[in-house]
Amino acid sequence: QVPLRESGGGLAQAGGSLRVSCAGDPRTFHVYTMGWFRQAPGSEREFVSAVDRNGITKYYADSVKGRFSISKDDAENTVHLQMDNLKPEDTAIYYCARGSSKEGLLSIARMTPPPLGSWGQGIQVTVSS
């Protein structure tokens, strides 16, 4: 199983934009619901966004709705999270995840550790005020 590989992220000022991307296994990427979680220091893992395997139904946490946009590119086996109008409270490590559904993703996020291949290594996003 090819591991999930996050890229992008970095540092932005409040009000700015960043994008994080996640590449998956070309053999199986198209069958999964893909999602993003984040975890800030001292905080629990938090759901951010997900997109179903068809790339049509999308889910967002209330805290990012209207500012973040998720997209799934099966041709590139990649899921992107475009983050606009960033706020300092968006600062966290962002993790890519795959599952059978949004509910499946939420279950995986509660596991320690998550099942092999279902969770990325994480990438830092820092937003300065």
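Because the structure is a prediction, the values reported are computed rather than measured.
Scanning all heavy atoms of the two residues, the minimum distance from Gly99 to Leu105 falls at N-CD2, 3.3 Å. When every heavy atom of Trp36 is checked against every heavy atom of Leu81, the shortest pair comes out as NE1-CB, 3.6 Å. Pairing each heavy atom of Ala14 with each of Ser129, the nearest pair is CB-CA, 4.3 Å. Taking each heavy atom of Leu18 and Gly10 in turn, the nearest pair found is CD1-O, 3.7 Å. In terms of heavy atoms, Tyr32 sits closest to Thr28 at CD1-O, 3.2 Å. Here the shortest heavy-atom pairing between Lys58 and Val51 reads CG-CG2, 3.9 Å.
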Show your working on salt bridge (charged side-chain N to carboxylate O under 4.0 Å, His left out) between Asp74 and Arg53 and close with a plain yes or no. CA-CA 9 Å; Asp74 283 348; Arg53 64 180 186 176; over 6 Å; no
Exercise. Run the side-chain contact (heavy atoms from CB on, under 4.5 Å) check on Tyr60 and Val48 step by step: do they pass?
Worked result: CA-CA 6 Å; Tyr60 298 97; Val48 177; over 6 Å; no
Check: When you look at Asn77 and His30, which way does the side-chain contact (heavy atoms from CB on, under 4.5 Å) test go after all the steps?
Finding: CA-CA 7 Å; Asn77 306 302; His30 64 285; over 6 Å; no
field: Test side-chain contact (heavy atoms from CB on, under 4.5 Å) applied to Met83 and Val20, step by step
entry: CA-CA 8 Å; Met83 303 180 289; Val20 289; 4.0 Å; yes
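Annotation: cation-pi geometry not satisfied between Lys65 and Tyr59 (NZ/CZ under 6.0 angstrom from ring centroid, within 45° of ring axis). Remark: Arg45 is not positioned above the aromatic ring of Phe37, lacking an NZ or CZ atom under 6.0 angstrom from the ring centre and at most 45 degrees off the axis.
Checked by atom type, the side-chain pair Thr33/Asp52 shows no donor-acceptor distance below 3.5 Å.
For the pair Asn54 (side chain) and Ile56 (backbone), a donor-acceptor distance under 3.5 Å is absent. Distance alone, capped at 3.5 Å, places no donor-acceptor pair between the Tyr94 side chain and the Gln39 backbone. At distances below 3.5 Å, not a single donor-acceptor pair connects side-chain atoms of Glu103 with backbone N or O atoms of Ser107.
Interatomic distance, Asp73 CG to Met34 CE, rounded to the nearest 0.5 Å: 12.0 Å. Residue Tyr95 holds its OH atom at 13.0 Å from CD of Glu46, rounded to the nearest 0.5 Å. To the nearest 0.5 Å, atom CZ of residue Phe68 and atom CG of residue Leu86 are 5.5 Å apart. Put simply, CZ on Arg38 and OG on Ser49 are 10.5 Å apart, with the number rounded to the nearest 0.5 Å. Note that OG1 of Thr78 and CD of Glu6 are 12.0 Å apart. Values are rounded to the nearest 0.5 Å. One finds the NZ atom of Lys72 at 11.0 Å from the SG atom of Cys22 (value rounded to the nearest 0.5 Å).
Contact check for Phe29 versus Val79: side-chain heavy atoms found under the 4.5 Å cut-off.
The only option from Ser69, Ser71, Ser21 that meets the side chain to side chain donor-acceptor pair (under 3.5 Å) definition with His80 turns out to be Ser21.
Contacts classified as disulfide bond (SG atoms under 2.5 Å apart) and involving residues 62-93 (residues at least two apart or in different chains) are not found.
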May I have the list of side-chain donor-acceptor pairs in residues 111-125 shorter than 3.5 Å, sequence neighbours left out?
unit_1, atom_1, unit_2, atom_2, d
Ser118, OG, Pro115, O, 2.6
Gln124, NE2, Ala92, O, 3.4
Gln124, NE2, Thr126, OG1, 3.3

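Criterion: ILVMFWY side-chain heavy atoms under 4.5 Å apart, direct or through other members. Under it, Leu4 and Ile108 are not part of a common hydrophobic cluster.
More than 12 non-hydrogen atoms from other residues, nucleotides or ligands lie less than 6.0 angstrom from CZ of Arg67.
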